Amino acid sequence: MGVPGYQEFMSPLLELASDGRERTIGEAIEELARRMSISEQDQELLLPSGTQTRLYNRVTWALTYLTQAKLLEKPTRGRFRISKRGREVLAAGAAPIDNRFLEQFAEFQEFRSKKKPQGAKTTSDASVNAEEDEQTPKERLETAFTEMRQSLALEILERVQSGSPKFFEHLVVGMLVAMGYGGGRRDWARVTGKSGDDGIDGVIREDRLGLDMVYVQAKKWDGAVGPGEIDRFVGSLMRKKASKGVFLTSSRFTDGAERAAREASVTVRLIDGEELANLMIDFGVGVSESARYVIKQIDTDFFEESGL
């Protein structure tokens, strides 16, 4: 039988969650393997990279897609359960649940549009699978890479949002150091984040003598950050006689906050949760390399010089 494709796990996964229980991915995989009669041998099949089983990979992708379509939800880190929308879908007897079915939900459309390479066309419900079938191997690889990165960024953001405010302060200062601020030296950066520091959560020296400083504000919030918080940060920078600062949040900024940063008398760089997660990926903070693939192409100069 082998391991079904990830879309074939969507309906069984949603039905499994219909009892309302919270489950881990490990519990779900074990139960799905039993219900779908997946042999122990097939359960042990690995991806070509050898980093994880095909079963784990495909069930987690099904879970990601159902979560993005809001049919499942994650109440706590590492656990999921059915949502109100998921119950409505099951009650309506919709089958099969696959990518084409999920395209009816705006949240899933937004997720799919984010993973497409820049310049790619938006597809209709009927053409989603057809477009994927028409892609060249290189296009499929690029699309898969973009999709995996987007999924990783979402997982990173979930982990960040589940941490404490103190963890967030240390995270953002460490990430700025990883980006090269302070010459990449951790001893040139420190987390303040206590009363009496005038609302400044971190400071990074940009030179050996400490003549140029970057001040950091870190807000681990669920709601959007508004202009009032930006104005207070700007006031703190001015009292420090600072010329620049970085304001990072695990959530997002309102339009008013972005306008307040643009109009400030000092330079204020805003980094929201989505950008933060992508910067962590780019600079290797909180992530590790899973696999590496090298794509090679023909060396035309070699063959031309040989007269071939």
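The structure displayed is predicted, hence computed values, not measured ones.
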Legend entry - Non-hydrogen atoms of Leu72 and Ile82 that approach each other most closely: CD2-CA, 3.8 Å
Inset, instruction - Please examine the side chains of Met36 and Pro4, heavy atoms only from C-beta on, and report whether any two atoms are closer than 4.5 Å. - result: yes
Legend entry - Pair Arg100 + Asp98, salt bridge at N-O below 4.0 Å: no
Inset, instruction - Give a yes or no on whether Met238 atom CE has more than 12 heavy-atom contacts from other residues, nucleotides or ligands under 6.0 Å away. - result: no
Legend entry - Test log, rule side chain to side chain contact (heavy atoms under 4.5 Å, CB included), inputs Leu63 and Ile25: CA-CA 8 Å; Leu63 175 62; Ile25 186 65; 3.9 Å; yes
Legend entry - Side chain Ser236, main chain Ile200, donor-acceptor under 3.5 Å: no
Legend entry - Asp42/Arg54 ion pair, N-O < 4.0 Å: no
Inset, instruction - Ignoring hydrogens and angles, tell me if any N or O in the side chain of Ser250 forms a donor-acceptor pair with the backbone of Trp221 under 3.5 Å. - result: yes
Legend entry - Backbone N/O of Arg79 and side chain of Thr76: donor-acceptor pair under 3.5 Å: no
Legend entry - Glu27 (side chain) donor-acceptor with Thr24 (main chain) under 3.5 angstrom: yes
Legend entry - Test: Asp222 and Arg252 ion pair at under 4.0 Å: no
Inset, instruction - With the side chain counted from C-beta on, respond yes when Phe9 and Val3 share a heavy-atom pair under 4.5 Å apart, and no when they do not. - result: yes
Inset, instruction - Evaluate the criterion side chain to side chain contact (heavy atoms under 4.5 Å, CB included) for residue pair Gln68 and Glu107; output intermediate values, then yes/no. - result: CA-CA 6 Å; Gln68 293 307 311; Glu107 297 91 342; over 6 Å; no
Inset, instruction - For Thr254 and Ala224, indicate whether the former's side chain and the latter's backbone hold a donor-acceptor pair under 3.5 Å. - result: no
Legend entry - Parallel, tilted or perpendicular, as decided by the 30° and 60° cut-offs, for the rings of Phe105 and Phe101: perpendicular
Inset, instruction - State, yes or no, whether a side-chain contact exists between Lys244 and Val266 at a heavy-atom distance under 4.5 Å. - result: no
Inset, instruction - Identify whether Leu47 and Ile29 are in the same connected component of the hydrophobic contact network (ILVMFWY, side-chain heavy atoms under 4.5 Å). - result: no
Legend entry - Presence of salt bridge, Glu30 and Arg34, under 4.0 angstrom: no
Legend entry - Hydrophobic cluster identity match, Leu171 and Met179, side-chain contacts under 4.5 Å: yes
Inset, instruction - Determine yes or no for a side-chain-to-main-chain donor-acceptor pair under 3.5 angstrom, with Lys220 supplying the side chain and Thr249 the backbone. - result: no
Legend entry - Main-chain N/O of Ala218 paired with Asp201 side-chain donor or acceptor, under 3.5 Å: yes
Legend entry - side chain to side chain contact (heavy atoms under 4.5 Å, CB included) between Lys219 and Glu229, worked out: CA-CA 10 Å; Lys219 287 290 185 186; Glu229 291 298 320; 3.3 Å; yes
Inset, instruction - Would you mind checking if Glu169 and Lys166 are paired as a salt bridge, meaning a charged N to carboxylate O distance below 4.0 Å? - result: yes
Inset, instruction - Establish whether Trp188 and Val246 are linked, either directly or via other cluster members, by ILVMFWY side-chain heavy-atom contacts under 4.5 Å. - result: no
Inset, instruction - For the pair Thr53 (side chain) and Leu46 (backbone), establish whether a donor and an acceptor sit closer than 3.5 Å, ignoring hydrogens and angles. - result: no
Legend entry - Electrostatic pair Glu88:Arg85 at N-O distance under 4.0 angstrom: no
Legend entry - Tyr56 OH: over 12 foreign heavy atoms closer than 6.0 Å: no
Inset, instruction - Check whether Val287 and Phe167 end up in the same hydrophobic cluster, where Ile, Leu, Val, Met, Phe, Trp and Tyr are linked by side-chain heavy atoms less than 4.5 Å apart. - result: yes
Legend entry - Side-chain heavy-atom pair Val216, Phe247 within 4.5 angstrom cut-off: no
Inset, instruction - Indicate, with yes or no, if Ile271 and Leu157 share a hydrophobic cluster defined by side-chain heavy-atom contacts under 4.5 Å among Ile, Leu, Val, Met, Phe, Trp and Tyr. - result: no
Legend entry - Closest approach of Ser251 to Gly223 (non-hydrogen atoms, all atoms of both residues): OG-O, 2.7 Å
Legend entry - Side chain to side chain, Glu73 and Thr67, heavy atoms closer than 4.5 Å: no
Legend entry - Val214 vs Val203, side chain to side chain contact (heavy atoms under 4.5 Å, CB included): CA-CA, chis, key distance, verdict: CA-CA 6 Å; Val214 177; Val203 182; over 6 Å; no
Legend entry - Note, Trp61 side chain near Met148 side chain (heavy atom, < 4.5 Å): yes
Inset, instruction - For Leu71 and Leu14, work out which heavy atoms get closest and say how close. - result: O-CD1, 3.7 Å
Inset, instruction - Salt-bridge test for Arg292 and Glu289: reply yes if a basic N is under 4.0 Å from a carboxylate O, no otherwise. - result: yes
Legend entry - Heavy-atom side-chain contact between Asn278 and Arg149 under 4.5 Å: yes
Legend entry - For the student: nearest non-hydrogen atoms of Arg87 and Gly20, plus distance: NH2-CA, 3.5 Å
Inset, instruction - Decide yes or no for Pro75 and Arg81: does some side-chain heavy atom of the first lie under 4.5 Å from some side-chain heavy atom of the second? - result: yes
Inset, instruction - Return yes if some donor-acceptor pair links the side-chain N/O of Arg205 with the main-chain N/O of Asp187 below 3.5 Å, else return no. - result: no
Inset, instruction - For the residue pair Tyr6 and Asn99, confirm or rule out a side-chain donor-acceptor distance under 3.5 Å. - result: yes
